[in-house]
Every structure is written in C-alpha cells, then in structure tokens.
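Letters A, B, ... are given to chains in the order of the sequence lines, protein chains preceding strands, and every chain is numbered from 1.
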Amino acid sequence: MSDLILFWHRRDLRTSDNTGLIAAKEQTRKVVGIFCLDPNILESDDIAPVRVTYMIGCLQALQKSYVEAGSQLLILHGNPTQVIPQMAAALTAKGVFWNWDVEPYSQKRDTVIVDALKEKGIEFLDRNWDQILNVPDEIRTGTGSQYTVYSPFWKNWSTKPKAKPVPKLEDISGLTAAEMQIAQANGAIALPSAKDLGFIWDGDLVIEPGEVAALERLEEFAATGINSYQEDRNFPAVDGTSRLSAALKFGVIGIRTVWQATLEAMENSRSDETTAAIRTWQQEIAWREFYQHAMYNFPELAEGAFRETFKNFPWESNDEYYQAWCEGRTGYPIVDAAMRQMNELGWMHNRCRMIVASFFTKDLLLDPRLGEKYFMQKLIDGDLSANNGGWQWSASSGMDPKPVRIFNPASQAQKFDAEGEYIRQWVPELRSVDTGDLLTGNITPLERDALGYPQPIVDHKIQQRIFKDKYQQRKGVISS
DNA sequence: ACCCACTTGAT
DNA sequence: TCAAGTGGG
C-alpha cells in the first residue's frame, strides 16, 4: 500500500477552504484529486446543459489548481460505486477521502463505496461535513427534534459557532509517470467538454467558472452589494443579488469563506441599514443551510409533498398550460419575462422564482414536482435541496406553516418592477405598452394579437378560487 | 395546554 | 386591515 490518498471531489470543486481535502493533506503529502462523471446524474432528466457547462469549466480550473499545487486531478466516467474503489485499488491508495453530502442519492452511493473500501482495507474519511456551517445533529429543538420551520431554526442556528476557513491546498505531490499509466489503464480520461457529453450551451454563464472567479465575485459583493441587499434584492431589474448560487451549488467557494466575508462586512458596517442588509443575506445562507438539513433529516422531501394535505393533492394535468409556462407565453407579462430569463440565461432572479412557482401551482394548478423538474433542467445553480425547498415553500406543501400563499402577478409586478424595466427586457414585444397596463396585464385581446403576445391562459381570480376550494376539500378528506 | 410568532402575502 | 394554520418554547 502506497502513501497515496485520493481526494474525491463531488460538489466541492475547489482547493481552498476544503475541510476534507486538508484532512487528506494532514495524513500524506501525496494527494491526488479525482472526479467522476456519473451517468446516474448526467443521464437523469434533472440535468441542465448550462449547469454541466459550468461544472466542466470548474473542473478545468480545478485541474489547474492541482497542477499548481504539484499534483493531478483524475477524471473518471462511470458508476462511482465501481470506478472509485477500482481506481483506489489499482493505484494501491491507502485512502479515499471525500466530503459528505445531504442528498439521498449521494448517501446511498457513498454507503456502498464505504463498504467496498472497507473490504479492501482502504481508509476513508467518515462523514466529514464541509458544505454546511453546522452539522444537522447540532441543530435541534428544545425537545431534541428536527426543525421543520425556518424561524426557530434560524434563531438556534445563528447562535451556534461557525468554523473559520481552512487553508488552500499547497505543496503536494502527485502520481509518477508509471502510476499515471496505471490510472489511464483503469479509466482515467482527459476532461471532456460539455459538448462531448452531449450538452450544448451556447449562451454566456452568469458566473465565470472556477474558484478564482467565485472568490472575486464574493469579495466584490461583500464590499458593495451586500450593504444594500435588503432593499435591492427585491427588484429583478436590479443586479442586487450575489449571483453566487452556482458557485455554492458546486462548492466552487467554501461556505466558511462566505460566512467569514459576511462577518467582515459586518465589522465594516457603519449604519443600522447596512447591518440589517448584511444580516438579511446571512439569513439567505441560513435558508440554504435549513433546506440542506431538511433534506438530510427528511429525505422523503425529495419524493414530494411534506405536508399531509398536499400529498395526493388533485393537481390538474394540462400539457398546454405546462408548455406555455415553460416557454414564457402564459399571457402574464411578469411570469413570461421570468421564464424567458431562465431559458436564456440559465438563471432567474429569486423574486421571480417565487412568482412563477406560485403561478404554476396556484394559478395553473399543476403539480409542483413538474415545475421543480423544469427548473432543474434549466438552472445553472439547480440543487435538489434548495430547489425542492423553494418549490415546496411556494406550493405550501413543505416546511412552512402557511398554506394559502398565493402571489398576485400584477401586484408583484407593480411592487417589484414598477417601471416595467424587467418585463420590457425579457418580453420585447410589449415594450410599447403603457407601463401601468404592462404591470397589471390590462392589455386588450386586440392589442395582444397585434403585438404578437398571447392572451392570458387562465384568470388569476378564478384559479385562486379553485385552488382554495381544492385545498379546503383536501383538508376535509384528511381530517375525516 | 397555552400562546407567541411567523421571508419575501392579499385587498 | 385581514389572514390562517401551526410549530416551537
């Protein structure tokens, strides 16, 4: 057995502030990175070309980081439960280390791999949490149960100590030429492009791939945007959010580094207003954490509604509605603007994610799981815990005691896109429409036809009534 | 068992 | 001004 430890990257595509990676480095100088292109994920229908494109870019950057540190990043393509232990055995590695994840698929897969490594006498890092600031077992209610509501979770979580970032990986050694040949003989390949894998994304990316770009983005946001976040985040036409979601999904940036940046911003804050704004952004980090804990504690969330009333809810089945929503031609300007933004950028402003999700479930009365899936197929930051959490929040089916949450598209547009700037950007055929009418959607059938803009596919008022009736009916069934 | 509090709500 | 249900202490 050699002194080699393979560090398996999954959603931690970075060499700085990576706790599992540093744990490997503490045991040996010979640390080699490994990444597995997993067909179970890449060939699923929850995949987005833009996300794969970003991920491949991040892997390219990660390869460079490994070379700079004195080692290599190996790329594998296959089922991890087979190829990871196989590679470890072929290279007679003494260990395979990685960071633990909350997703049900990930945990199931990792358990199989742990067993395979144990059998071969290869060391592993047991359940090392890296992508969250506090481990799920640490955050419990007074009676020891798991939180299902955000507010009390936040109260508890925000008082718990948070670890500082760990150092960047440096000064390691990699495989010899002979060992590299063994690796290649056992499936190590050159990093393919997204196109090679069958994913075409011709558009730009809302964030440049790689660790350097993510850290720069964080630094910039923590110095500027975070101080007006509380206000600016509400307006989709304003660049008021961090746009770090994709970097956080793939762990291109460490969460301790992110938290540290908020603490430093806090120290530099000179007004109650900026302090509150920074606090608000910290709460968003806590939402991410909350949903990850929730996914870990209640893996059934991944399958569907958490709340009894919404299990077997009589959602409608209407492909015409679904297609219109996907393509941004519902006839509701703010909804269509948002959907077109996502289709084109692979990213949607969070305010709009709530608007279109509410519209999907409460107006089109479609099963939230379909909308959740479409988001996964389009978003650069698509992440099971966050996306599922957001959709269940909008559908009222999840972790929040507020069943009748219905957004009115018109009032949302009036409040958050008062000048119609966002709508006009993404729905250019409506540019000439008077702002007031643009926001309310008060555009005559004749004018819609003339402009080439669709008629409203449903009536918000009527659909709202139908939803409430269905909900009451469902509640009756449950309680009887 | 009581009561407080509740991301981004609507009219 | 109303809401509306319930988790959590």
Pairing check on C:dA4: which nucleotide meets the Watson-Crick or G-U wobble criteria with it, both distances under 3.5 Å? none
Using purine N1 to pyrimidine N3 plus N6-O4 or O6-N4 for Watson-Crick, or N1-O2 and O6-N3 for G-U wobble, both under 3.5 Å, which nucleotide pairs with B:dT7?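 With both distances under 3.5 Å required, B:dT7 matches none.
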Work out how far the [atom1] atom of [N] is from that of [M], and round it to whole angstrom.
N: B:dA1; M: B:dA5; atom1: P; value: 22 Å
N: B:dG9; M: C:dG7; atom1: P; value: 23 Å
N: C:dA4; M: B:dC4; atom1: C1'; value: 15 Å
N: B:dT8; M: C:dG8; atom1: C1'; value: 22 Å

If only side-chain N and O atoms of [X] are considered, is one of them under 4.0 Å from the OP1 or OP2 phosphate oxygen of [N]?
X: A:Thr141; N: C:dG8; answer: no
X: A:Tyr291; N: B:dT7; answer: no
X: A:Gln412; N: B:dT8; answer: no
X: A:Ser151; N: C:dG7; answer: no
X: A:Arg288; N: B:dT7; answer: no
X: A:Asn408; N: B:dT11; answer: yes
X: A:Lys415; N: B:dT8; answer: no
X: A:Lys155; N: B:dA5; answer: no

By the 4.0 Å heavy-atom rule, please label [X] as base, sugar-phosphate, or nothing.
X: A:Ser411; value: sugar-phosphate
X: A:Glu284; value: base
X: A:Tyr471; value: sugar-phosphate

If you check the [X] side chain, which of [options] turns out closest?
X: A:Arg307; options: B:dT7, C:dT6, C:dG5; value: C:dT6
X: A:Gln464; options: C:dG8, B:dG9, B:dT11; value: B:dT11
X: A:Tyr150; options: B:dT7, B:dT8, C:dG5; value: B:dT7
X: A:Lys402; options: B:dA10, C:dA4, C:dG8; value: C:dA4
X: A:Trp393; options: B:dT8, C:dG5, C:dG9; value: B:dT8

Centroid separation [X] to [Y] less than 6.0 Å:
X: A:Phe97; Y: A:Phe7; answer: no
X: A:Trp287; Y: A:Tyr150; answer: yes
X: A:Phe359; Y: A:His460; answer: no

Without decimals, in angstroms, what is the distance between [X] [atom1] and [N] [atom2]?
X: A:Gln283; N: B:dC6; atom1: CD; atom2: C1'; answer: 12 Å
X: A:Arg405; N: C:dG5; atom1: CZ; atom2: C1'; answer: 11 Å
X: A:Asp232; N: B:dT7; atom1: CG; atom2: P; answer: 22 Å
X: A:Met354; N: B:dT7; atom1: CE; atom2: P; answer: 13 Å
X: A:Gln472; N: C:dA3; atom1: CD; atom2: C1'; answer: 13 Å
X: A:Glu308; N: C:dG5; atom1: CD; atom2: P; answer: 16 Å
X: A:Gln414; N: B:dA10; atom1: CD; atom2: C1'; answer: 12 Å
X: A:Asp400; N: B:dT7; atom1: CG; atom2: C1'; answer: 8 Å

Contact between A:Trp157 and A:Lys160 at the side-chain level, heavy atoms closer than 4.5 Å - yes or no?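 No, too far: nothing below the 4.5 Å cut-off.
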Kindly assign one of parallel, tilted or perpendicular to the pair A:Trp315 and A:Phe310, based on the angle between their ring planes and the thresholds 30° and 60°.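 Judged by the thresholds at 30° and 60°, the geometry between A:Trp315 and A:Phe310 is parallel.
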Is A:Arg14 paired with A:Asp17 through a side-chain N to carboxylate O contact shorter than 4.0 Å? no
Under a 4.0 Å threshold between the charged nitrogen and the carboxylate oxygen, would A:Arg340 count as salt-bridged to A:Glu429?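 Answer for the salt bridge query: yes.
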Flag as yes if A:Trp287 stacks onto the base of B:dT7 (centroids under 5.5 Å, planes under 30°), otherwise no.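 The base of B:dT7 is stacked with A:Trp287 (centres under 5.5 Å, planes under 30°).
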